[in-house]
Student: 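I am attaching a structure below and will ask some questions about it afterwards.
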Amino acid sequence: MANQYFENSDNLEHEIKEFNFTLRNNNLTFTSDAGVFSRQTVDFGSRVLIDAINFDEVPSGNILDVGCGYGPIGLSLAKEQTSRTVDMTDVNLRAMDLAKKNAETNRINNVNIFESNVYEKIDNKYALVVSNPPIRAGKNVVSGIISGAKEHLVENGELWVVIKKKQGAPSAKKLMDATYGNVEIVTREKGYYILRSKLV
């Protein structure tokens with residue numbers, strides 16, 4: 001059975017790929033590998049999320065990227081938001097090693113990249129929690145990312161997620177509304193929903 005991107009895969013052969021991608025007006029260089037999500041290029045859902053995030057109402061404070069993969073979301077935000085620290089977590093150790101390499105390559109120093117199964121090793125509170133959740137890991141994991149963020153947001157902190165309509169965006173929207181008392185569809189593009197809730 002093939003390894004999934006949300007699993008560890010020490011025995012998987014390497015297929016290193018390097019590419020450039022412009023995110024939030026910064027040209028970034030990424031290294032990816034076999035066994036990580038969307039290794040050929042930054043996936044469309046992450047791109048839509050990265051472009052959509054608006055800091056106008058986000059309070060001061062740090063950022064958490066849950067399920068960071070090799071790092072496009074967290075690193076692009078850290079590159080722009082230099083006064084904030086971005087914590088980036090994943091369960092895939094190969095992906096995290098790549099995210100660390102990509103931070104170094106792009107001279108991004110305001111990041112902490114570490115292993116955590118959802119919020120298992122998270123003690124801090126954040127102004128912004130972002131996630132392109134691992135749909136294939138199952139509904140319980142996705143729901144855990146959405147509902148669990150509540151314990152890790154500062155007052156008026158925001159949760160932003162991207163989910164495809166056919167992969168559960170309507171049910172994610174209902175869960176966010178039930179958990180936070182509010183939810184907004186910020187944008188929809190090619191079936192991807194960008195959902196935002198605020199802790200009030």
Side-chain angles (χ1 to χ4, degrees), residues 4-8 36-38 43 45-46 48-50 52-55 57-78 81 84-93 95-96 99 110-186 192-200:
Q4 299 281 10
Y5 61 81
F6 51 85
E7 298 172 337
N8 278 310
V36 301
F37 176 63
S38 192
D43 67 289
S46 290
V48 177
L49 175 62
I50 291 163
I53 291 171
N54 185 336
F55 283 92
E57 295 182 23
V58 176
S60 61
N62 296 331
I63 299 168
L64 174 64
D65 177 5
V66 182
C68 66
Y70 57 79
I73 298 172
L75 294 178
S76 63
L77 296 179
Q81 299 287 313
R84 303 177 192 260
T85 297
V86 181
D87 287 351
M88 300 168 55
T89 67
D90 208 300
V91 295
N92 183 323
L93 300 181
M96 282 191 303
N110 54 322
V111 292
N112 299 309
I113 301 166
F114 56 96
E115 184 269 334
S116 179
N117 184 6
V118 190
Y119 302 103
E120 198 173 76
K121 298 179 184 175
I122 305 294
D123 297 318
N124 298 327
K125 288 185 181 277
Y126 299 89
L128 175 66
V129 175
V130 296
S131 186
N132 181 352
I135 300 300
R136 290 182 195 169
K139 189 172 182 178
N140 286 345
V141 172
V142 176
S143 297
I145 290 171
I146 289 171
S147 58
K150 187 174 184 179
E151 301 302 314
H152 298 284
L153 285 169
V154 300
E155 186 178 353
N156 294 316
E158 296 185 358
L159 168 67
W160 288 66
V161 298
V162 55
I163 301 185
K164 222 173 183 179
K165 183 178 182 181
K166 66 181 182 183
Q167 292 177 330
S171 59
K173 179 175 177 285
K174 285 179 187 171
L175 178 59
M176 289 171 73
D177 197 24
T179 304
Y180 301 93
N182 62 87
V183 66
E184 175 192 357
I185 301 171
V186 179
Y192 287 90
Y193 281 47
I194 306 302
L195 303 172
R196 167 186 176 259
S197 288
K198 182 187 283 278
L199 184 66
V200 292

Student: Quick one: ring-ring contact (aromatic ring centres under 6.0 Å, His included) partners of Y180, sequence neighbours excluded?
Tutor: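 Y180: no ring-ring contact (aromatic ring centres under 6.0 Å, His included) contacts found.
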Student: With sequence neighbours excluded, what pairs up with D177 under the side chain to side chain donor-acceptor pair (under 3.5 Å) test?
Tutor: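 Partners of D177 by the side chain to side chain donor-acceptor pair (under 3.5 Å) criterion come out as none, since no residue qualifies.
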Student: Just jot down the side chain to side chain contact (heavy atoms under 4.5 Å, CB included) partners of E57, sequence neighbours excluded, or say none.
Tutor: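 Applying side chain to side chain contact (heavy atoms under 4.5 Å, CB included) to E57 gives E158, R196, K198.
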Student: Please enumerate all residues that pass side chain to side chain contact (heavy atoms under 4.5 Å, CB included) together with A52, with sequence neighbours excluded.
Tutor: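 Listed in chain order: W160, V186, T187, I194.
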Student: For a side chain to side chain contact (heavy atoms under 4.5 Å, CB included) check, start with the C-alpha distance between L93 and M96, then their side-chain angles and the critical distance, and finish with the verdict.
Tutor: CA-CA 5 Å; L93 300 181; M96 282 191 303; 3.2 Å; yes
Student: Can you list everything that forms a side chain to side chain donor-acceptor pair (under 3.5 Å) with S46? Sequence neighbours excluded, please.
Tutor: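 S46 satisfies side chain to side chain donor-acceptor pair (under 3.5 Å) with D43, N132 only.
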Student: When T85 is tested against each of I63, N124, N112 for side chain to side chain contact (heavy atoms under 4.5 Å, CB included), which residue passes?
Tutor: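 Among I63, N124, N112, the one that satisfies the side chain to side chain contact (heavy atoms under 4.5 Å, CB included) with T85 is N112.
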Student: Closest approach of P134 and V141, non-hydrogen atoms and distance?
Tutor: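 So the minimum-distance heavy-atom pair works out to CG-CG1, 4.0 Å.
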Student: Quick one: which residue pairs count as a side-chain hydrogen bond (donor to acceptor under 3.5 Å, both in side chains) with a foot in residues 164-174, not counting sequence neighbours?
Tutor: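 The answer is none; no pair qualifies.
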Student: Under 3.5 Å, side chain of D87 to main-chain N/O of L64, donor-acceptor pair present?
Tutor: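 Flag not set: sc D87 to bb L64 has no pair under 3.5 Å.
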Student: Taking the side chain as everything from C-beta on, heavy atoms only, tell me whether N182 gets closer than 4.5 Å to V200.
Tutor: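 Sidechains of V200 and N182: in contact.
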Student: Name all pairs fulfilling the ring-ring contact (aromatic ring centres under 6.0 Å, His included) condition that reach into residues 116-159, sequence neighbours left out, sorted by first residue then second.
Tutor: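 Those involving residues 116-159 are Y119-H152.
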Student: For D65, which residues count as a side chain to side chain donor-acceptor pair (under 3.5 Å) partner, sequence neighbours excluded?
Tutor: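 Applying side chain to side chain donor-acceptor pair (under 3.5 Å) to D65 gives none.
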Student: Taking C-beta and beyond as the side chain, do L75 and M88 meet within less than 4.5 Å on heavy atoms?
Tutor: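 Side chain of L75 against side chain of M88, heavy atoms only: contact under 4.5 Å found.
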Student: Testing the basics here: between V162 and G45, what is the closest heavy-atom pair and its distance to 0.1 Å?
Tutor: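 What the structure gives for the nearest pair is CG2-O, 3.6 Å.
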Student: Can you sort out the partners of A172 under side chain to side chain contact (heavy atoms under 4.5 Å, CB included), two or more places apart, ordered by chain and number?
Tutor: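 So A172 forms a side chain to side chain contact (heavy atoms under 4.5 Å, CB included) with I146, I163, L195.
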Student: Would you name the heavy atoms of P59 and V154 that are closest together and state the gap between them?
Tutor: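 Of all heavy-atom pairs spanning P59 and V154, the closest is CG-CG2, 3.9 Å.
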Student: So E151 and I122, side chain to side chain contact (heavy atoms under 4.5 Å, CB included) or not? Walk me through it.
Tutor: CA-CA 10 Å; E151 301 302 314; I122 305 294; over 6 Å; no
Student: For the side chain of N117 and the backbone of E120, is there at least one donor-acceptor N/O pair under 3.5 Å apart?
Tutor: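 No; zero donor-acceptor contacts below 3.5 Å.
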Student: So which heavy atom on P72 is nearest to which on S76, and how close?
Tutor: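 In this case the closest contact between P72 and S76 is O-OG, 2.8 Å.
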Student: My understanding is that only residues two or more places apart in sequence, or in another chain, count here; which of them pass salt bridge (charged side-chain N to carboxylate O under 4.0 Å, His left out) with K121?
Tutor: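 Salt bridge (charged side-chain N to carboxylate O under 4.0 Å, His left out) list for K121, sorted by chain: E115.
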Student: Under 4.5 Å between any side-chain heavy atoms of L128 and F55, yes or no?
Tutor: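 Of all side-chain heavy-atom pairs linking F55 with L128, at least one is under 4.5 Å.
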Student: I want to check something: taking the side chain as every heavy atom from C-beta on, are S197 and T179 in contact at a cut-off of under 4.5 Å?
Tutor: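 Counting from C-beta outward, S197 and T179 never come under 4.5 Å.
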Student: Among all residues two or more places apart in sequence or in another chain, which pass the side chain to side chain contact (heavy atoms under 4.5 Å, CB included) test with S143?
Tutor: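 Partners of S143 under the side chain to side chain contact (heavy atoms under 4.5 Å, CB included) test: K139, L175.
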Student: Kindly give the heavy-atom pair with the smallest separation between A99 and G69, and that separation in Å.
Tutor: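 Result for this residue pair: CB-O, 3.7 Å.
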Student: If every non-hydrogen atom of S131 is compared with every non-hydrogen atom of L49, which pair is closest and at what distance?
Tutor: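 It is O-CD2, 3.8 Å.
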